[in-house]
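We count residues from 1, following the sequence as given.
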Amino acid sequence: MKGRFRRCMHGFIGTDLLIPAILAILKKEPTHGYSLLEKFSEIGLNLSFFHPSILYRTLRAMEIQGLVSSNWDVQTNGPARRVYSITKIGEDFLKNWCSTVTENIQLIQKIIDIARGGE
């Protein structure tokens, strides 16, 4: 039972943080998919439990939803790469997500305090 709970929570955390993490990184600067993977590890988001294609599928879905846009970068050495940028819709989504999560963090902290015997 304990092992199943961990897998469930681990996946929950990863998938719930993937979209806002992408948007937060893209808010700093447009970038391509492989660079996003590097930046995830810099902020401490471990995606090793996902298949690498999940990032690209998520980016495509985000583009369809209007959260990001992309263009082909053909000026770099090597093959052309798709460079992603956050859109106004993506910025609004990220702002709302941050507000909601901040409220949830406060609630979660209260629950933790109560669970540890405090109030």
Side-chain angles (χ1 to χ4, degrees):
M1 177 87 160
K2 189 176 181 180
R4 280 209 240 137
F5 182 74
R6 281 188 188 157
R7 280 195 303 267
C8 177
M9 290 302 293
H10 195 66
F12 170 81
I13 291 169
T15 55
D16 278 4
L17 291 179
L18 185 58
I19 290 173
I22 290 169
L23 293 172
I25 291 167
L26 293 178
K27 188 172 180 184
K28 286 187 172 187
E29 66 179 315
T31 190
H32 56 87
Y34 184 79
S35 181
L36 279 169
L37 289 172
E38 293 173 344
K39 291 176 191 282
F40 286 150
S41 63
E42 290 173 13
I43 62 173
L45 185 59
N46 179 4
L47 296 182
S48 63
F49 52 92
F50 284 124
H51 189 277
S53 66
I54 192 73
L55 172 62
Y56 296 99
R57 282 188 262 149
T58 301
L59 284 165
R60 269 187 232 109
M62 291 172 69
E63 192 164 15
I64 290 168
Q65 295 169 350
L67 300 171
V68 300
S69 61
S70 68
N71 293 304
W72 285 100
D73 178 10
V74 292
Q75 297 182 10
T76 60
N77 293 338
R81 293 189 279 189
R82 193 177 285 266
V83 176
Y84 295 89
S85 302
I86 191 170
T87 63
K88 174 70 172 121
I89 294 170
E91 289 177 0
D92 291 344
F93 175 93
L94 185 59
K95 181 180 177 184
N96 291 333
W97 181 88
C98 288
S99 294
T100 301
V101 169
T102 299
E103 292 170 10
N104 288 341
I105 288 169
Q106 293 167 355
L107 175 61
I108 290 167
Q109 187 59 57
K110 287 178 185 178
I111 294 168
I112 290 170
D113 292 344
I114 292 168
R116 290 183 174 162
E119 289 194 38

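- In terms of heavy atoms, F40 sits closest to A21 at CE2-CB, 3.8 Å.
- By the 4.5 Å heavy-atom criterion applied to side chains, L36 and L59 are counted as neighbours.
- Atom CD of E63 and atom CZ of R60 lie 9.5 Å apart (nearest 0.5 Å).
- Contact of the T31 side chain with the K39 side chain is registered, since non-hydrogen atoms from C-beta on lie closer than 4.5 Å.
- Within 6.0 Å of OH on Y56 lie more than 12 heavy atoms contributed by other residues, nucleotides or ligands.
- A heavy-atom distance below 4.5 Å is found between the side chains of W97 and L17.
- With values rounded to the nearest 0.5 angstrom, I86 atom CD1 is found 5.0 Å from E91 atom CD.
- No side-chain donor-acceptor contact under 3.5 Å links S70 to the backbone of R82.
- I64 and L18 fall into different hydrophobic clusters, defined by Ile, Leu, Val, Met, Phe, Trp and Tyr side-chain heavy atoms under 4.5 Å apart, directly or through other members.
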Working note: I19 + F93, criterion side-chain contact (heavy atoms from CB on, under 4.5 Å); need CA distance, chi angles, decisive distance, verdict. CA-CA 10 Å; I19 290 173; F93 175 93; 3.8 Å; yes
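- When all heavy atoms of G33 and L55 are compared, the pair lying nearest together is O-CD2, 3.3 Å.
- Clustering ILVMFWY residues whenever any of their side-chain heavy atoms sit less than 4.5 angstrom apart, transitively, puts L37 in the very cluster that holds I25.
- Of all heavy-atom pairs between V83 and P30, the closest is CG1-CB, 3.8 Å.
- When each of L94, I89, I22 is tested with L67 by the rule side chain to side chain contact (heavy atoms under 4.5 Å, CB included), just one qualifies, namely I89.
- Interatomic distance, CG of L26 versus CE of M62, reported as 6.5 Å (0.5 Å rounding).
- Distance check: E103 CD to I105 CD1 gives 10.5 Å after rounding to the nearest 0.5 Å.
- We find the CD-CD1 distance between Q109 and I114 to be 10.5 Å, quoted to the nearest 0.5 Å.
- Taken together through direct or relayed side-chain contacts under 4.5 Å among Ile, Leu, Val, Met, Phe, Trp and Tyr, L45 and L23 form part of one hydrophobic cluster.
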